[in-house]
Protein chains: 2
Amino acid sequence: MTSDLSAQIAKAIRDAIIEGRLIVDERLPSEAELADQFDVSRPTVREALKRLAAQSLIRTQRGAFGGAFVNRLSYPDAYAQQITTSTLLLSMNEVSFDVACEARFAMERACAPFAAQRRQADHLAAMRAEITRQGAEGLTDEAFCASDVAFHRALVDAAGNPVLSYQLAGAVEAMQPLMNMITFTARNRARIIGLHTDIADGLEARNAATVDQALAELAAYTETLGHDVLAARASKEA
Amino acid sequence: MTSDLSAQIAKAIRDAIIEGRLIVDERLPSEAELADQFDVSRPTVREALKRLAAQSLIRTQRGAFGGAFVNRLSYPDAYAQQITTSTLLLSMNEVSFDVACEARFAMERACAPFAAQRRQADHLAAMRAEITRQGAEGLTDEAFCASDVAFHRALVDAAGNPVLSYQLAGAVEAMQPLMNMITFTARNRARIIGLHTDIADGLEARNAATVDQALAELAAYTETLGHDVLAARASKEA
DNA sequence: GACTTTTAATTGTCTGACAATTTAAATGCA
DNA sequence: TGCATTTAAATTGTCAGACAATTAAAAGTC
């Protein structure tokens, strides 16, 4: 019911920002003034401000004419928070591999038509580069996964919708720990690289149907790989 | 480079949680002990802990055998953060109505096949109830929007994938302020209600194609309405 | 006019204290 | 003994005051 003072103050300021009563780059009163206004001590005000800083809602500057300023939430900041939240959610809530996989590929397939329409040369180049990397000899599983993430990110960015990019960043990156559990044999990799090539080709030809088809197969194949890992684990324990 | 001590300490503890060195419900050392360990004062430790609390990474309890505990990130907590972040991102970054709309409906269409397959009676009931509400006389624009959000939420939940629900919660709710700018005439509403009915009918019949078609039309129609509002505004200013 | 120094404002950090809260242990009582 | 009550201890929440570090503007100097 009656939460901490610092939480209450943080909420009051947060609401002011969300409702537009405090606008971007506006300076908040100094800590001493806020302490007066809210009738609390400066440490309490500081705790409230740190809460807001943790959500990237404000930034602080020292020195004369410094202070706390309403922060423009940048895409990178939003990405970072989205990734942290998604990663924790997946690691702490027994989200099954299937559910995470399904969500991720469903959203990626949602991007496909836009990507086919809007892809630029640099997106294709990035994807081709990752495909080449994925075929390299002696690549560790982790490096393969990292390249996989980069490939899919290029695909999503090709859709040219920053909101989709931001949403998917969380899903794709958050899945990496789960993907890292998978051991990729040479044959696995060849199949995945083949599908990646289909996707790149489809985008180059601006053929959304091809891309969608390849993504559907990739989704199914990834789920199969995940199941194999879980099955192998289960039999090892028995 | 050398950020605040409280930020460094928060990062150290956050990393420990993300990497699993601190597990759910584990108790952190007391503030005094942490202050000793990190060789800083207690207020500095407290600022760090408040940062983590703002991200729902820990919770604190007063009293003997109280302290800070690693928090299991619940879906509601994750929803809330997702919504705050998305709302701010949209309101602060001149994300165009088109881009937000496109992202939202793209993701909703990604849910459609799963929803058609897995929808339960209660999802359908919730959607029908919202449709009825939307047809009520004298409904304000805001109430109409709120009902619209509830309708689409039921649709997303029908897909039965909590990760998709969580991702879309942000997109749908964050768009509400933009949607609230639109004035819905009786004719607008009738058209939207018609499409909503198509969606509900399609789900009931487990016909994904129908649902997809209706969502596509709804996306196009919503964009049109958005454009009209912007055009009206522009002409008023001139 | 360009450069340097001073000054004032502000955040960052520390120390020490006390209040509020909560659990475990101690105590008292039947 | 068994149960209720009180006490004690640990811990977070809050406060007050102080000083250090940083920064930009203002004042001074050549």
Side-chain angles (χ1 to χ4, degrees), chain A residues 1-17 22-73 77, chain B residues 1-17 22-73 77:
Chain A
M1 192 89 72
T2 60
S3 52
D4 303 4
L5 290 177
S6 73
Q8 290 174 34
I9 293 168
K11 178 170 177 0
I13 299 176
R14 179 162 41 236
D15 287 348
I17 294 174
L22 290 169
I23 61 173
V24 167
D25 290 335
E26 185 171 340
R27 182 180 177 278
L28 298 174
S30 73
E31 294 175 354
E33 287 173 308
L34 286 172
D36 267 1
Q37 284 181 26
F38 287 103
D39 201 30
V40 296
S41 66
R42 195 158 82 93
T44 301
V45 166
R46 282 182 63 78
E47 287 178 9
L49 293 179
K50 294 315 162 199
R51 293 178 120 110
L52 299 175
Q55 296 181 302
S56 305
L57 291 181
I58 60 168
R59 62 178 185 280
T60 53
Q61 258 181 343
R62 304 231 294 212
F65 294 73
F69 297 84
V70 177
N71 202 20
R72 157 162 276 121
L73 189 60
D77 284 344
Chain B
M1 190 89 72
T2 60
S3 51
D4 303 5
L5 290 177
S6 72
Q8 291 174 34
I9 293 167
K11 178 170 175 9
I13 298 176
R14 179 163 40 238
D15 287 348
I17 294 174
L22 291 170
I23 61 172
V24 167
D25 290 334
E26 185 170 341
R27 181 180 177 280
L28 297 173
S30 72
E31 294 174 355
E33 288 172 309
L34 286 171
D36 267 0
Q37 284 180 28
F38 287 104
D39 201 30
V40 295
S41 66
R42 193 158 83 92
T44 302
V45 166
R46 282 182 63 78
E47 287 178 9
L49 293 179
K50 294 314 162 200
R51 294 178 117 109
L52 298 174
Q55 296 181 302
S56 305
L57 290 181
I58 61 169
R59 62 179 184 279
T60 53
Q61 259 182 342
R62 304 232 293 213
F65 293 72
F69 298 84
V70 177
N71 202 21
R72 157 163 276 121
L73 187 61
D77 284 344

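So you know, we letter chains A, B, ... as the sequences are listed, proteins then strands, and number each from 1.
Distances from the side chain of B/V40 to the nucleotides C/dG12, C/dA8, C/dC14 place C/dC14 closest. The B/T44 side chain lies nearest to C/dT13 when the options are D/dA25, C/dG12, C/dT13. Comparing D/dA10, C/dA8, D/dT14 by their closest approach to the side chain of A/L5 singles out D/dT14. The side chain of A/P43 has D/dA16 as its nearest neighbour among D/dA16, D/dA10, C/dT11. Here D/dT14 is the nucleotide among D/dT14, C/dA9, C/dG12 with the atom lying nearest to any side-chain atom of A/S6.
Dashed line: the shortest gap from a side-chain N or O of A/T60 to OP1 or OP2 of C/dT10 is not under 4.0 Å. Proximity of A/R62 to the phosphate of D/dA24: no side-chain N or O atom is located under 4.0 Å from OP1 or OP2. Side-chain nitrogen and oxygen atoms of B/R46 include none within less than 4.0 Å of the OP1 or OP2 phosphate oxygen of D/dT12.
For A/E33 and C/dA9, the CD to P distance is 11 Å, given to the nearest whole Å. Residue B/F38 contributes atom CZ, which lies 16 Å from atom C1' of C/dT13 at whole-angstrom precision. C/dC14 atom C1' lies 15 Å from atom CG of B/D4, rounded to whole Å. A/E31 has its CD atom 15 Å from the P atom of D/dA16, to the nearest Å. In this structure, the CG atom of A/D39 is 9 Å from the P atom of D/dA16, given to the nearest Å. As a whole-Å value, the separation of B/Q61 CD from C/dT23 P is 7 Å. In this entry the distance linking CZ of B/F65 with P of D/dA8 reads 17 Å, nearest Å. One interatomic measurement links the two molecules: CZ of B/F69 to C1' of D/dT12, which rounds to 11 Å at whole-angstrom precision.
Counting only heavy atoms from C-beta outward, the side chains of B/L34 and B/L49 approach each other to under 4.5 Å. When side chains are defined from C-beta on, A/N71 counts as touching A/D77, because their heavy atoms get closer than 4.5 Å. A/V45 is listed as a side-chain neighbour of A/V40, based on a closest heavy-atom distance under 4.5 Å. Between B/D4 and A/K50 there is a side-chain heavy-atom pair separated by less than 4.5 Å.
Using a distance-only test at 3.5 Å, with no hydrogens or angles considered, no donor-acceptor pair links the side chain of A/R46 to the main chain of A/S41.
You'll find a donor-acceptor pair under 3.5 Å spanning the side chain of B/R42 and the base of D/dT14, going by distance alone.
Among the heavy atoms of the strands lying under 4.0 Å from B/R27 are primed sugar atoms or P, OP1, OP2 only; no base atom is included.
In terms of position on DNA chain D, the residue among A/S41 and B/A32 whose nearest nucleotide sits closer to the 5' end is B/A32.
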